[in-house]
There are 2 protein chains.
Amino acid sequence: MASIKDVAAEAEVSVATVSRVLNDHPSVSAAARVRVLAAVDALGYRPNAVARSLRTDQTRTLGLVISDVLNPYFTELARSVEEEARALGYSVIIGNADERPELQDHHIRTLLDRRIDGLLVSPTDGGSPQMLDAALAGTPMVFVDRWIPGLDVPVVRADGTGAVRDLVAHLHGLGHRRLAIIAGPAATTTGSERVEAFRDALAAYGVPLPDVYIGQGDFQAESGRRVTEGFLDLPVPPEVVFATDNLMALGALDAVRARGLRVPDDLALAAFDDIRWFVHTDPPITAIAQPTGDLGRAAVRAVVDRIEGRAPASVTLPARLVVRSSCGESSATNRSQP
Amino acid sequence: MASIKDVAAEAEVSVATVSRVLNDHPSVSAAARVRVLAAVDALGYRPNAVARSLRTDQTRTLGLVISDVLNPYFTELARSVEEEARALGYSVIIGNADERPELQDHHIRTLLDRRIDGLLVSPTDGGSPQMLDAALAGTPMVFVDRWIPGLDVPVVRADGTGAVRDLVAHLHGLGHRRLAIIAGPAATTTGSERVEAFRDALAAYGVPLPDVYIGQGDFQAESGRRVTEGFLDLPVPPEVVFATDNLMALGALDAVRARGLRVPDDLALAAFDDIRWFVHTDPPITAIAQPTGDLGRAAVRAVVDRIEGRAPASVTLPARLVVRSSCGESSATNRSQP
DNA sequence: AACGTCGATGTAATCGATTCCACAAGGAGG
DNA sequence: CCTCCTTGTGGAATCGATTACATCGACGTT
């Protein structure tokens, strides 16, 4: 592959001049510029990003470590992150943690070794040594969706409390009184926050959230299935299950179906995170939708702000309830079952 | 960030010795080794991958350019690719083309600039100059899922002809005679191949595939919706629509639903690419499943073979039909409608 | 006419690793 | 006791860029 030396030789100038033309430095004569450009063209020369990064100490690359690529929420996030980054002249390297802390660490380490300029993380756990090191070592970093309390790192996330309140109002209005939740890992903020929001919203109606109605999931479909089966085996099963992510909702659906039961008649279902397929499931699923694209874009702007020396800001955007028919009744009229 | 020089100073050896320890070169004394390791530990030193790549002319990185991250098929592919690559000691950088040739080119160019060791591509078009250059310039390259005819590049893909034949048998058995297809872009192999397979399978039953029953889509949901509306507006609409990817099937479902019609009674539906949600859609969707994980792994092994000097082989794996209820009747018994 | 300024260019240092080569010390073999 | 080989080590070149510094005309000013 042609190097800058080859271009210099071809254009009969020094490598310095070639470099100047490429980085359009002002003091280059028009004549030299055309000769260099012609040489670049003739040789099909492309600057070696590796060499450039070594010298300039910047890679114009962002690392994004997400909890699970197979979760549509995160792939949408990844897409918007890449889009905004590209618009700002950065590339993105995605690391998929698969909800496993050790994999997350592997990716953070690898990304740091590559000297990425900034890091976007949606942590799977309460904070591994790797991540703390990264934060401490001064690599510009921003948390997306989930975060780790106590670290001085900006957070870009959606606030679901209002939407959860709306959801509980909706469920209560439909006459449901025994409400259960499938929680995510307690080590994640989204895991615990959503349970809190749910509990608080129920409290406003004087409805308790007993421990047996709190199932421990891990944001994966299988755990949603397992927890839902547990609920159905209870002496007094819940009337509604609120899955705190879309994959666990899928698992819940699997469990209900396996028993030959029906949603919402035998068990109503709602989910956190709205995805396109929820419109076409049987029945269409009521969900809380996050402004995913906005989150991704805001997160990129935040890291880039830090990278380029501006002060980055945390961002919190509201989520909203999307009512469909998986909790019973139609969406428009809130009458209780006949 | 600490460099190899700092480590050398701390351990009171030369940088050469540090490098030897790090790459466990045989001739280093035990004493030197422990001193270096201690220094590495004390400084929290991690080798700069950028510098290393510049010197060794290898990045131990694979580029993967996929057509659309929002398509679950491709995200599953990406996941298995990353997994296998990691097992072989490589990292993966994913580029999302969003089915847009110019974006695909952008990513290929960026990846090449970064001097990735190998490239995995699922081309969105018939072959851009970028891609040809990459192939010609000798960057180890493998096509996954889709490919470009006439290039001497190994292809790892699923063969759907058998499954399509099974699908047509299933549909014919159910009494369907007016079968339509939503094709992908003609420039992609999967776009044209699936239509051919469908046409051939129909021919075996003496059923024609008229042009009006071939809708032109682009592998995105919106095109599936549009094409399906067109079908429904026909004087003699088809009885079945076969969407050649899962997103267009989603669009088709949208279109049917928007008209207040039902699947399969008013229009039966089948799709290429099976995804988890198809089990829970209303109705569950009959689909052709690809061995996605196997494809991803095989593709990685193929590029790595080329990178490491072995001869890479093309791989073709069979897809299989998964019958559900979106085409009418039950899956087990193939009797025609009562 | 002498001098300072400015634009265009080249030389060489530099980034952080790897690796070739030279060299010293020590052991084996004659 | 001398040579030869092996082992461990350091110096320095190298990868492909960027950039500080030096140089050299040409030009304008006094």
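Counting heavy atoms from C-beta on, the side chains of R157(A) and D145(A) never come closer than 4.5 Å.
Across all strands, V50(B) comes closer than 4.0 Å to no nucleic acid atom at all (heavy-atom distances). Within 4.0 Å (heavy atoms only), S27(A) reaches at least one base atom of the nucleic acid.
At whole-Å resolution of the value, CZ in R114(B) and C1' in dG16(D) are 16 Å apart. One interatomic measurement links the two molecules: CZ of R35(B) to P of dG8(D), which rounds to 14 Å at whole-angstrom precision. In this structure, the CG atom of D113(B) is 13 Å from the C1' atom of dG16(D), given to the nearest Å. Rounded to a whole Å, the CE atom of M1(A) is 16 Å from the P atom of dC15(D). Note: CG (L54(B)) to P (dT19(C)) measures 12 Å, nearest angstrom. When rounded to the nearest whole Å, the span between CD of E12(B) and P of dG10(D) equals 10 Å.
The only option from Q104(A), R100(A), R146(A) that meets the side chain to side chain donor-acceptor pair (under 3.5 Å) definition with D125(A) turns out to be Q104(A).
For E308(A), the CD atom counts as densely surrounded, since its 6.0 Å shell holds more than 12 non-hydrogen atoms of other residues, nucleotides or ligands.
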Enumerate, atom names and distances included, each donor-acceptor pair closer than 3.5 Å involving a side-chain atom of residues 299-306 of chain A, sequence neighbours excluded.
| residue | atom | partner | partner atom | Å |
| --- | --- | --- | --- | --- |
| R301(A) | NH1 | E84(A) | OE2 | 3.4 |
| D305(A) | OD1 | R310(A) | NE | 2.9 |
| D305(A) | OD1 | R310(A) | NH2 | 3.0 |

Please tabulate the protein-to-nucleotide N/O contacts below 3.5 Å involving nucleotides 17-20 of chain D, giving atom names and distances.
| residue | atom | partner | partner atom | Å |
| --- | --- | --- | --- | --- |
| dA17(D) | OP1 | Y45(A) | OH | 2.7 |
| dA17(D) | OP1 | N48(A) | N | 2.6 |
| dA17(D) | OP2 | I4(A) | N | 2.3 |
| dA17(D) | OP2 | Y45(A) | OH | 3.4 |
| dA17(D) | O5' | Y45(A) | OH | 3.3 |
| dT18(D) | OP1 | N23(A) | OD1 | 3.4 |
| dT18(D) | OP1 | N23(A) | ND2 | 3.2 |
| dT18(D) | OP1 | R52(A) | NH1 | 3.1 |
| dT18(D) | OP2 | S19(A) | OG | 2.5 |
| dT18(D) | OP2 | N23(A) | ND2 | 3.3 |
| dT18(D) | O2 | R55(A) | NH1 | 2.3 |

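When only modelled atom types and interatomic distance are considered, T124(A) and E99(A) share no side-chain donor-acceptor pair under 3.5 Å.
Applying the 4.0 Å criterion to OP1 and OP2 of dT9(D), one finds that S29(B) has a side-chain N or O inside that range.
Among residues at least two apart or in separate chains, side chain to side chain donor-acceptor pair (under 3.5 Å) pairs with a member in residues 112-121 of chain A are T59(A)-D117(A), D113(A)-R46(B), R114(A)-T61(B).
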